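For the single chain, residues carry numbers from 1 onward in sequence order. These figures come from a predicted structure and were not determined experimentally.
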Amino acid sequence: MKKFAAVFLALIVVAGFGYYILFLQLGTPDRTLYGVDLDDVRELATSLDGPLPVAINAEAPVTLSFPGAAVVTGWPWRANPMVIYAYQVVYPNGHIMIDTAMSADQTSVIAGDDIPFDEEAYARLEKAVGDADSIIFTHEHFDHIGGAIAHPDAVALLDRVRLTGRQVSQPDPYWGGLSYPEGALEGYEPLTYDRVRAFAPGMVLIEAAGHTPGSQIIYVKTASGQEYLFVGDVAWNYAGINLVRPRPNIVSWFFLEEDRPRTHAQVAELKALAEENPEMEIIVGHDGPRTRDQMARGLLGDRFQ
């Protein structure tokens with residue numbers, strides 16, 4: 001009986017230690033792994049001729065649900081909505097899309113047939129993608145690039161789809177099985193840059209590899225002077241930035257294969273930027289309550305033009 005009790009206790013200890021490593025281990029972020037020179041970014045944002053954006057709209061055709069414990073290290077297990085947003089940066093004479101969500105068929109294949117899908121929102125998104133001057137992505141996961149690949153004119157739009165070299169270099173596994181028609185990407189010339197790149201008036205791309213090799217933060221400044229950072233999936237919820245907590249090890253290691261030390265450094269950098277620049281809006285790709293609040297405050301429109 002004593003032997004059984006000792007073995008049982010040992011199993012509890014091992015299980016508890018395993019749970020700690022997989023779901024709770026945090027550590028201290030290594031701030032040397034990532035940094036953003038906001039002065040440099042702001043200078044680049046005004047380096048290209050042309051009018052600045054006048055509005056930014058957001059819509060989400062689909063919402064998934066993940067346990068909170070998988071979203072932010074140390075969060076409880078209750079369900080957390082994962083809203084799949086796309087964004088339209090409106091200029092006086094056109095617009096640029098940031099991310100494109102995913103289609104109903106893609107959602108069904110990846111998440112199942114029982115996921116509610118807003119067909120009207122997706123129809124507006126599909127039109128906005130088709131009319132866009134450029135289409136860029138915070139990173140190369142299927143729920144961000146899917147709408148571009150599923151578009152009826154996907155191949156014809158490739159001259160406006162501005163994937164980076166890192167985003168296009170490893171479709172497997174990051175694209176989640178999505179692909180353009182065979183041969184469509186032959187001769188495709190991706191965007192290349194080392195650290196930062198001015199993309200359009202008021203818009204700067206900032207390298208942020210970690211969640212995926214091709215992750216980037218997109219800075220936008222509008223004509224009103226409002227600044228935004230579109231951070232994609234550096235964090236799935238703003239709480240990850242506010243608490244300086246990345247996703248738990250089990251998600252980073254086994255499901256995403258991401259560079260967790262670098263994403264930890266990135267959420268720490270974003271927290272510092274938010275504290276130093278409280279007027280700047282950080283747009284998180286899947287944080288529904290935060291995005292809806294930003295809409296309510298007039299910082300984002302709730303429908304594509």
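Within the model, atoms OG1 of Thr107 and CD1 of Ile115 stand 8.0 Å from one another, a figure rounded to the nearest 0.5 Å. In this structure, the separation between CH2 on Trp75 and CG on Leu243 is 8.0 Å, given to the nearest 0.5 Å. Separation of atoms CD1 (Ile110) and CG (Asp105) is listed at 10.5 Å; rounding is to 0.5 Å. Taking CG from Leu125 and CG from Asn57, the interatomic distance works out to 11.5 Å, rounded to the nearest 0.5 Å. Rounding to the nearest 0.5 Å gives a distance of 9.5 Å between CG of Leu163 and CD1 of Ile135. Remark: Ile217 CD1 to Ile206 CD1 distance equals 6.0 Å, nearest 0.5 Å.
A 6.0 Å sphere centred on CZ of Arg297 holds more than 12 heavy atoms belonging to other residues, nucleotides or ligands. The environment of Glu43 atom CD is sparse: at most 12 non-hydrogen atoms of other residues, nucleotides or ligands sit within 6.0 angstrom. For Glu120, the CD atom is loosely surrounded, since the number of other residues' heavy atoms within 6.0 Å does not exceed 12.
Looking only at side-chain heavy atoms (C-beta outward), Arg42 and Glu227 come within less than 4.5 Å of each other. In this structure, the side chains of Asp133 and Tyr91 stay at 4.5 Å or more apart for every pair of heavy atoms. In this structure, the side chains of Leu185 and Leu158 come closer than 4.5 Å at one or more pairs of heavy atoms. Considering only heavy atoms from C-beta on, Leu205 comes within 4.5 Å of Ile218 through its side chain. Using a 4.5 Å heavy-atom threshold, the side chains of Val72 and Asn80 count as separate. Looking only at side-chain heavy atoms (C-beta outward), Tyr87 and Val220 stay at 4.5 Å or farther from each other. Looking at heavy atoms from C-beta onward, His144 lies out of side-chain contact with Thr100 at the 4.5 angstrom threshold. Side-chain contact between Ile149 and Phe142: absent, with no pair of heavy atoms (C-beta onward) separated by less than 4.5 Å.
Contact between Arg290 and Ile282 at its shortest, heavy atoms only, is NE-O, 3.0 Å. Closest of all the heavy-atom pairs between His264 and Thr28 is CE1-C, 4.1 Å. Minimum interatomic distance between Glu258 and Ser252 (heavy atoms only, all atoms of both residues): OE2-OG, 2.6 Å. Closest of all the heavy-atom pairs between Gly301 and Met295 is O-CE, 4.0 Å. Shown here for Ala132 and Met97, the closest heavy-atom pair between the two residues is CB-CG, 3.8 Å. Here the closest heavy-atom approach between residue Arg247 and residue Val71 is recorded as CG-O, 3.4 Å.
For the pair Trp175 (side chain) and Gly146 (backbone), a donor-acceptor distance under 3.5 Å is absent. In this structure a side-chain-to-backbone donor-acceptor pair under 3.5 Å is missing from Arg260 to Pro246. Judged by distance alone, the side chain of Asp99 and the main-chain N or O of Thr138 form a donor-acceptor pair under 3.5 Å. Under the 3.5 Å distance criterion, the side-chain polar atoms of Tyr34 are left unmatched by any main-chain donor or acceptor of Gly210. Side-chain atoms of Thr222 never come within 3.5 Å of backbone atoms of Pro53 as a donor-acceptor pair (strictly under, hydrogens ignored). Counting only distance, with no hydrogens or angles, the side chain of Gln88 and the backbone of Val90 share no donor-acceptor pair below 3.5 Å. Under the 3.5 Å distance criterion, the side-chain polar atoms of Arg166 are left unmatched by any main-chain donor or acceptor of Ser215. The main-chain N or O of Gly214 is found under 3.5 Å from a side-chain atom of Glu140 such that the two form a donor-acceptor pair. Using a distance-only test at 3.5 Å, with no hydrogens or angles considered, no donor-acceptor pair links the side chain of Gln294 to the main chain of Glu281. Side-chain atoms of Gln266 do not come within 3.5 Å of backbone N or O of Val234 as any donor-acceptor pair.
In this structure, Glu59 does not pair ionically with Lys127, as no charged nitrogen and carboxylate oxygen lie closer than 4.0 Å. Using a 4.0 Å cut-off between charged nitrogen and carboxylate oxygen, Asp40 and Arg195 count as a salt-bridge pair.
A donor atom on one side chain and an acceptor atom on the other are not found under 3.5 Å apart for Arg197 and Thr164. Residues His141 and Asp233 bring no donor and acceptor atom of their side chains to less than 3.5 Å of each other.
Sequence neighbours left out, not one pair with a member in residues 239-260 passes ring-ring contact (aromatic ring centres under 6.0 Å, His included).
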Could you check Leu300 against Ile283 for side chain to side chain contact (heavy atoms under 4.5 Å, CB included), going step by step and ending with a plain yes or no? CA-CA 10 Å; Leu300 296 171; Ile283 311 296; 4.1 Å; yes
Go through Ile145 and Tyr174 one step at a time and tell me if the side chain to side chain contact (heavy atoms under 4.5 Å, CB included) criterion holds. CA-CA 10 Å; Ile145 67 171; Tyr174 297 103; over 6 Å; no
ring-ring contact (aromatic ring centres under 6.0 Å, His included) assessment of Phe23 paired with Trp77: CA-CA 11 Å; Phe23 288 99; Trp77 278 92; 5.1 Å; yes
Side chain to side chain contact (heavy atoms under 4.5 Å, CB included) between Tyr228 and Ile98: does it pass, once the steps are laid out? CA-CA 12 Å; Tyr228 301 80; Ile98 298 177; over 6 Å; no
Walk me through it: do Thr212 and Phe137 pass the test side chain to side chain contact (heavy atoms under 4.5 Å, CB included)? CA-CA 12 Å; Thr212 66; Phe137 307 93; over 6 Å; no
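When the side chains of ILVMFWY residues are joined at heavy-atom separations under 4.5 Å, either directly or via intervening members, Ile241 and Met280 end up in a single hydrophobic cluster. Leu64 and Phe117 fall within a single hydrophobic cluster, where Ile, Leu, Val, Met, Phe, Trp and Tyr side chains are chained together by heavy-atom contacts under 4.5 Å. Under the 4.5 Å side-chain heavy-atom criterion for Ile, Leu, Val, Met, Phe, Trp and Tyr, Leu33 and Leu38 are members of distinct hydrophobic clusters. Residues Ile84 and Tyr238 fall into different hydrophobic clusters, defined by Ile, Leu, Val, Met, Phe, Trp and Tyr side chains chained together at heavy-atom separations under 4.5 Å. With hydrophobic clusters built from ILVMFWY side chains whose heavy atoms lie under 4.5 angstrom apart, Val231 shares a cluster with Val41.
Considering Asp143, Thr291, Thr63 in turn, Asp143 is the only one that fulfils the side chain to side chain donor-acceptor pair (under 3.5 Å) rule with His286.
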